[in-house]
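Working notes, beginning with the structure itself.
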Protein chains: 4
Amino acid sequence: MSGTLNKVMLIGHTGDDVKMHYFEGGNCIGRFPLATNDSYVNKSTGERVNTTEWHNIVVRNKAAEICEKYLNKGDKIYIEGRLKTRKWQDEQGKDRYSTEIQCTDFTFLTPKNESQITGSSMQSAPQANTPAVNPQEVSTNSPEMEDDDLPF
Amino acid sequence: MSGTLNKVMLIGHTGDDVKMHYFEGGNCIGRFPLATNDSYVNKSTGERVNTTEWHNIVVRNKAAEICEKYLNKGDKIYIEGRLKTRKWQDEQGKDRYSTEIQCTDFTFLTPKNESQITGSSMQSAPQANTPAVNPQEVSTNSPEMEDDDLPF
Amino acid sequence: MSGTLNKVMLIGHTGDDVKMHYFEGGNCIGRFPLATNDSYVNKSTGERVNTTEWHNIVVRNKAAEICEKYLNKGDKIYIEGRLKTRKWQDEQGKDRYSTEIQCTDFTFLTPKNESQITGSSMQSAPQANTPAVNPQEVSTNSPEMEDDDLPF
Amino acid sequence: MSGTLNKVMLIGHTGDDVKMHYFEGGNCIGRFPLATNDSYVNKSTGERVNTTEWHNIVVRNKAAEICEKYLNKGDKIYIEGRLKTRKWQDEQGKDRYSTEIQCTDFTFLTPKNESQITGSSMQSAPQANTPAVNPQEVSTNSPEMEDDDLPF
DNA sequence: TTTT
DNA sequence: TTTT
């Protein structure tokens with residue numbers, strides 16, 4: 001609805017493997033943490049301070065499956081999405097809030113041959129069998145505008 | 001393909017009506033100019049300089065038709081798209097280049113009741129019959145991710 | 001530091017007046033809630049669902065003062081910033097998290113003469129005395145690149 | 001001036017070294033081409049088409065010098081900037097237009113040790129002596145908001 | 001002229 | 001919990 005914009009663009013490194021959740025009806029989502037770094041100079045002390053910001057990324061359905069398959073812990077990725085704050089209840093029944101980035105587009109930025117294959121990770125195994133299709137850039141949309149051959 | 005990003009985001013005012021072009025096979029595009037303003041201080045003279053930048057917006061198919069119908073000269077609009085430089089030949093057969101923004105998303109920012117209806121414009125007439133559906137925000141994608149009701 | 005990006009871009013309506021906080025040393029911040037709208041079709045029922053997302057905006061120093069002065073509840077504004085999740089302790093000493101958008105740039109999108117002046121709001125009074133300088137677009141950066149007159 | 005937005009965000013590979021231009025008064029700019037890739041399926045033939053889009057990047061002053069020093073042909077980089085179409089006259093005195101991206105922010109995305117040092121390039125030599133300061137992310141602004149230590 |  |  002109506003004349004607003006809700007857009008997040010991140011480039012960062014994943015802090016963990018993609019955790020998948022499957023729903024009845026065939027839908028699924030994947031979640032993973034993404035780290036971005038900021039740096040500023042503390043005015044009082046004059047020293048440079050490095051901080052890390054962690055973002056909760058949520059990817060859906062086919063995009064989730066691609067991330068689960070080809071995205072490894074530590075990889076660099078570009079994420080585009082929307083901010084969404086979920087409300088939930090803790091053990092005491094108190095309202096709690098958690099802000100997530102619902103991913104709408106992503107682009108792998110770590111070359112395939114540099115992606116870390118953590119030995120213990122089931123999810124990394126398939127990568128050894130590199131797919132015929134390069135999964136580096138995947139849109140979670142079905143952009144009809146790109147699917148034709150108009151002369152412009 | 002391949003780990004790159006090409007994104008433009010503009011908020012500006014349209015400088016003219018949408019010009020439509022129809023192709024065989026049913027496709028169409030709409031074109032219109034969009035103005036953004038910059039302002040900077042001239043270091044030598046110390047005075048503030050206001051400049052206007054004109055952008056060539058290209059919208060496709062259904063999105064083009066919506067713009068033609070509801071977007072009036074002077075309206076404010078948010079445009080998201082990709083940069084595309086077209087090559088063409090002038091009368092002397094010389095290569096010329098023209099850079100356009102291929103629109104992938106847009107949001108009308110002028111309230112419907114404030115949009116200027118330029119009397120001479122055929123395209124404005126339908127607006128008098130306000131549509132049942134509010135066309136304020138329209139995505140040119142078919143974002144499957146928004147079309148379901150996953151619990152997150 | 002280090003090759004990452006943390007960017008948020010929002011267009012929405014403010015849900016309340018700007019709340020100012022002043023610090024020793026002369027710094028200050030302003031906070032206000034911003035609403036964006038999403039809309040999707042529920043696959044099961046087929047009906048369109050409209051949702052509102054609320055964002056916690058934090059503006060600093062001079063930018064905060066400008067927002068306090070000229071931004072009224074209900075106004076439309078473009079916000080650019082960074083995501084930042086603050087950690088705090090609740091009454092039980094439990095860790096809690098709150099995600100904010102640290103504003104780095106903004107642009108007023110409500111024409112000055114349409115901005116709602118809520119009678120009870122002290123902060124709106126100054127707006128009656130419209131400033132000589134139009135505060136519609138303000139960057140919270142000091143963009144050296146715009147401050148000169150290079151020939152390009 | 002006034003309620004508009006002109007923003008470009010690109011991730012691509014540089015197609016050439018940075019060409020510097022120095023002006024009287026100490027200002028300088030650097031220019032280099034940036035390639036982004038798009039891919040779409042030709043509806044008639046059903047085959048995937050890969051296209052390359054070239055962007056003219058213009059960087060200023062200190063940012064230009066950093067790019068000249070540390071950015072090598074083929075490197076991947078994130079560019080944020082504004083669209084600017086310059087008007088110029090060709091040999092026949094005819095108006096010609098050229099669209100550029102005036103860079104306001106950038107982030108190197110190629111790890112330093114993978115950046116190609118083209119043997120013949122003077123500009124690459126200094127990179128052998130790696131700088132004490134990591135130049136990976138550089139803002140061409142002077143973001144006052146990041147330079148303090150407010151408690152948020 | 002880049003890259004995958 | 002990532003990365004430089």
Side-chain angles (χ1 to χ4, degrees), chain A residues 10-19 31-39 48-57 70-79 107-116 118 120-121 130-138, chain B residues 1-6 85 87 97, chain C residues 1-6 85 87 97, chain D residues 10-19 31-39 48-57 70-79 107-116 118 120-121 130-138:
Chain A
L10 304 171
I11 296 174
H13 293 92
T14 61
D16 203 351
D17 293 329
V18 178
K19 305 283 185 254
R31 295 174 179 278
F32 61 89
L34 189 78
T36 58
N37 304 293
D38 272 312
S39 153
R48 179 155 292 276
V49 181
N50 297 315
T51 65
T52 296
E53 192 63 29
W54 286 100
H55 311 274
N56 303 310
I57 311 297
Y70 302 113
L71 187 62
N72 291 298
K73 181 175 171 177
D75 281 359
K76 183 174 275 195
I77 189 171
Y78 166 80
I79 294 283
T107 297
F108 291 169
L109 296 174
T110 294
K112 203 164 33 179
N113 60 346
E114 291 171 26
S115 183
Q116 295 308 319
T118 56
S120 63
S121 168
T130 47
V133 174
N134 187 328
Q136 265 209 307
E137 184 182 14
V138 182
Chain B
M1 209 231 286
S2 78
T4 67
L5 175 73
N6 176 355
T85 298
K87 189 182 181 178
Y97 299 88
Chain C
M1 209 230 289
S2 76
T4 66
L5 176 72
N6 177 353
T85 298
K87 189 183 182 177
Y97 300 88
Chain D
L10 304 171
I11 296 174
H13 293 92
T14 60
D16 203 351
D17 294 328
V18 179
K19 304 285 185 251
R31 295 173 180 277
F32 60 90
L34 188 78
T36 58
N37 304 293
D38 274 312
S39 152
R48 178 154 291 277
V49 182
N50 297 315
T51 64
T52 296
E53 192 63 28
W54 286 99
H55 311 273
N56 303 310
I57 311 297
Y70 303 112
L71 188 62
N72 291 299
K73 181 175 172 178
D75 280 359
K76 183 173 277 195
I77 189 171
Y78 167 79
I79 293 283
T107 296
F108 292 168
L109 295 175
T110 294
K112 203 163 35 179
N113 60 346
E114 291 171 27
S115 183
Q116 296 308 319
T118 57
S120 64
S121 168
T130 48
V133 174
N134 187 326
Q136 264 209 307
E137 184 183 13
V138 181

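To find a chain, count down the sequence lines: A is the first, B the second, and so on, and within it residues start at 1. Only heavy atoms go into these numbers, but all of them, side chains included; no hydrogens, no water, no symmetry mates.
- Atom CG in D17(D) sits about 14 Å away from atom P in dT1(E), given to the nearest Å.
- Across the protein-nucleic acid pair, Y78(A) atom OH and dT3(F) atom C1' stand 19 Å apart, rounded to whole Å.
- Distances were taken from every side-chain heavy atom of N37(D) (C-beta onward) to each of dT2(E), dT1(E), dT2(F); the shortest belongs to dT2(E).
- Remark: T51(D) pairs with no residue by the side chain to side chain donor-acceptor pair (under 3.5 Å) rule, at least two apart or across chains.
- Going from atom OG of S115(D) over to atom OH of Y70(D) covers 12.0 Å, rounded to the nearest 0.5 Å.
- Side-chain contact check for I57(D) versus F32(D): some heavy-atom pair is nearer than 4.5 Å.
- Distance, K76(D) NZ to dT2(E) P: 15 Å, rounded to whole Å.
- Stacking between W54(A) and dT2(F) is absent: the ring centroid is not both under 5.5 Å from the six-membered base ring centre and under 30° in plane angle.
- Of the candidate nucleotides dT1(E), dT3(F), dT1(F), dT1(F) has the atom lying nearest to any side-chain atom of P33(A).
- Qualifying side chain to side chain donor-acceptor pair (under 3.5 Å) partners for T36(D), counting only residues two or more places apart in sequence or in other chains: H55(D).
- Here T52(D) lies in heavy-atom contact (under 4.0 Å) with a base.
- In this structure, the nucleotide among dT2(E), dT1(F), dT2(F) sitting nearest to the side chain of D16(A) is dT1(F).
- Across the protein-nucleic acid pair, I11(A) atom CD1 and dT2(F) atom P stand 20 Å apart, rounded to whole Å.
- Rounded to an integer number of Å, the gap from F32(D) CZ to dT2(E) P is 15 Å.
- Taking atom CG of residue L34(D) and atom P of nucleotide dT1(E), one finds them 16 Å apart after rounding to whole Å.
- Rounded to whole angstrom, the span from the CD atom of E53(D) across to the P atom of dT2(E) amounts to 16 Å.
- Regarding D75(A), its CG atom lies at a distance of 9 Å from the P atom of dT3(F), rounded to whole Å.
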